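Let me begin by presenting the structure, written as structure tokens, before commenting on it.
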Amino acid sequence: QVQLVESGGGLVQAGGSLRLSCAASGRTFSSYAVNWFRQAPGKEREFVAAITWSGGSTYYADSVKGRFTIARDNAKNTVYLQMNSLKPEDTAVYCCAAQRVYGSMWYSRSSFDYTYWGQGTQVTVSS
């Protein structure tokens with residue numbers, strides 16, 4: 001089992017950058033697929049990015065592709081989301097989620113497929 005804590009959110013001007021971190025407890029983080037989701041006020045939760053167990057494959061929502069980068073450092077039990085060229089529509093609470101997997105290439109874009117969740121970090125992008 002793991003516990004997840006997000007950090008790195010804040011207020012940034014449009015066009016700026018932020019790097020979010022998802023720090024995990026436990027010694028089995030290397031066997032977890034990890035996603036970032038976000039939820040804006042009054043809107044449903046949205047898939048943002050995913051990284052497989054091995055870190056060899058990454059996936060992005062069309063809305064962030066080319067601007068966001070997900071990466072992991074299993075030695076530090078941390079997954080990162082580098083967000084560049086931020087837009088006001090990126091404003092949301094960002095959460096990381098993890099799922100224990102046994103296939104190194106497994107991933108899912110559905111929030112229902114993930115067992116462990118962080119509490120979220122607020123990202124606000126001003127115009």
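We number each residue from 1, following the sequence as shown. Below, each value reflects all heavy atoms present in this structure, side chains not excepted, and no hydrogens, waters or symmetry copies. Bear in mind the structure is a predicted one, so any value in this text is a computation, not a measurement.
- Closest heavy-atom contact between Thr78 and Ser21: CG2-CB, 4.2 Å.
- In this structure, the separation between OG on Ser110 and CZ on Arg45 is 9.0 Å, given to the nearest 0.5 Å.
- Rounded to the nearest 0.5 Å, atoms CD1 (Ile70) and OH (Tyr59) are 11.5 Å apart.
- In this structure, Gln119 contributes its side chain and Glu6 its backbone to no donor-acceptor pair below 3.5 Å.
- Residues Asp90 and Lys87 are not paired through a salt bridge, judged by the lack of any N-O separation under 4.0 Å between the basic side chain and the carboxylate.
- Nearest heavy-atom pair across Ala24 and Leu4 is CB-CD2, 3.5 Å.
- Minimum heavy-atom separation, Ser17 to Ser85: OG-N, 4.3 Å.
- Nearest approach of Ser127 to Ala14, heavy atoms of both residues: CA-CB, 4.4 Å.
- A distance of 13.5 Å separates OH of Tyr116 from SG of Cys96, quoted to the nearest 0.5 Å.
- Under the side chain to side chain contact (heavy atoms under 4.5 Å, CB included) test applied with Val123, the options Leu11, Leu20, Val93 reduce to a single match, Leu20.
- One distance of note links CE of Met83 with CG of Leu18; it measures 4.5 Å at 0.5 Å rounding.
- Arg38 is listed as a side-chain neighbour of Ser63, based on a closest heavy-atom distance under 4.5 Å.
- With values rounded to the nearest 0.5 angstrom, Thr91 atom OG1 is found 9.5 Å from Lys43 atom NZ.
- Side chain of Tyr114 to main chain of Ser108: a donor-acceptor pair is present (N/O by atom type, distance under 3.5 Å, no hydrogens or angles).
- Side-chain contact between Tyr94 and Leu81 is present, with heavy atoms from C-beta onward closer than 4.5 Å.
- Rounding to the nearest 0.5 Å places CD of Gln13 at 5.5 Å from OG of Ser126.
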